[in-house]
Asker: 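Input: one structure, supplied below.
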Amino acid sequence: QVQLVESGGGLVQAGGSLRLSCAASGRTSYKMGWFRQAPGKEREFVAAIDLSARTRYADSVKGRFTISRDNAKNTVYLQMNSLKPEDTAVYYCAAGSQTIYNTVYSYWGQGTQVTVSS
C-alpha cells in the first residue's frame, strides 16, 4: 500500500532541464517507475529503478534522463536534461513489484504536466 504524489513539472524551453519528484507515503519498498502520456497517445514507459538501485530507460530518453531514489525522504526523482518538444506529456510516477518475469505496477500518482517549447 503506497500513495504517490508527483511534482516539479512545468514549462521549459527546448534544451532546458527539469527535475520531477515523486513523494511516497506508506510502504515504499517497491520498484519505482516513471511513465508519460501525451494527449491522444498511449501511456509509455520512461524509466525505472529497482530495489537494488538498478535502472532502465526507454531508448528515447537514454543519456538525457536519470532516475534516482532517496530512501530517507521516500522520494523518487526524474532528472530530465536536454529536453525536447517530444518530451511534452503528463508524467506519472508508479510503484510496483518485480517478479522473475516482469514488473507489475500497482500504484500510480496523479501526474504532473511537462511542456517543452520549441
Side-chain angles (χ1 to χ4, degrees):
Q1 186 71 266
V2 62
Q3 295 177 327
L4 307 173
V5 179
E6 302 98 333
S7 62
L11 175 65
V12 65
Q13 195 172 27
S17 300
L18 285 174
R19 188 178 75 162
L20 305 183
S21 298
C22 175
S25 62
R27 177 174 166 79
T28 58
S29 296
Y30 295 95
K31 182 175 182 178
M32 304 296 295
W34 285 97
F35 296 76
R36 67 188 182 187
Q37 186 171 25
K41 298 184 178 180
E42 296 184 0
R43 186 173 299 183
E44 65 176 348
F45 169 80
V46 176
I49 184 167
D50 66 16
L51 296 176
S52 298
R54 290 174 293 191
T55 59
R56 181 169 67 90
Y57 299 92
D59 289 341
S60 59
V61 306
K62 286 182 178 178
R64 300 188 298 121
F65 291 11
T66 302
I67 187 172
S68 62
R69 64 193 303 168
D70 186 334
N71 292 333
K73 297 181 178 180
N74 288 343
T75 302
V76 62
Y77 303 95
L78 184 68
Q79 178 67 47
M80 305 184 294
N81 299 324
S82 301
L83 284 162
K84 305 175 181 179
E86 64 193 71
D87 295 319
T88 295
V90 176
Y91 283 70
Y92 297 90
C93 178
S97 300
Q98 178 70 57
T99 73
I100 192 171
Y101 304 110
N102 61 2
T103 300
V104 178
Y105 290 99
S106 302
Y107 305 98
W108 296 82
Q110 83 289 347
T112 185
Q113 177 71 48
V114 172
T115 303
V116 184
S117 62
S118 300

Asker: So do the side chains of Leu83 and Gln13 get within less than 4.5 Å of each other, counting heavy atoms only?
Answerer: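 Leu83 does not reach Gln13 side chain to side chain.
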Asker: Fit a plane to each ring of Tyr107 and Tyr30, take the angle between them on a 0 to 90° scale, and name the class: parallel (under 30°), tilted (30 to 60°) or perpendicular (over 60°).
Answerer: perpendicular
Asker: Is the ring pair Tyr92/Trp108 parallel, tilted or perpendicular, if the boundaries are 30 and 60 degrees?
Answerer: perpendicular
Asker: Have Thr103 and Gln98 got a donor and an acceptor in their side chains that come within less than 3.5 Å?
Answerer: yes
Asker: Answer yes or no for Arg64 and Tyr57: cation-pi contact, defined as NZ/CZ to six-membered ring centre under 6.0 Å and angle to ring axis within 45°.
Answerer: no
Asker: With the side chain counted from C-beta on, respond yes when Glu6 and Leu20 share a heavy-atom pair under 4.5 Å apart, and no when they do not.
Answerer: no
Asker: Do Phe45 and Val90 share a hydrophobic cluster (ILVMFWY, side-chain heavy atoms under 4.5 Å, transitive)?
Answerer: yes
Asker: Report yes or no: do Phe65 and Tyr77 belong to one cluster of Ile/Leu/Val/Met/Phe/Trp/Tyr joined by side chain heavy-atom distances under 4.5 Å?
Answerer: no
Asker: If I take atom CZ from residue Phe35 and atom OH from residue Tyr105, how far apart are they, to the nearest 0.5 angstrom?
Answerer: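 Taking CZ in Phe35 and OH in Tyr105, the distance rounds to 4.5 Å.
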Asker: Is Lys84 paired with Asp87 through a side-chain N to carboxylate O contact shorter than 4.0 Å?
Answerer: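 No.
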Asker: How about Lys31 and Leu51: do any of their side-chain heavy atoms sit closer than 4.5 Å?
Answerer: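 They are not in contact (no side-chain heavy atoms under 4.5 Å apart), so the answer is no.
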Asker: Once you round to the nearest 0.5 Å, how far does CE of Met32 lie from OG1 of Thr75?
Answerer: 9.0 Å
Asker: Is Leu78 reachable from Val12 through a run of hydrophobic residues whose side-chain heavy atoms are each under 4.5 Å from the next?
Answerer: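 Hydrophobic grouping puts Val12 with Leu78.
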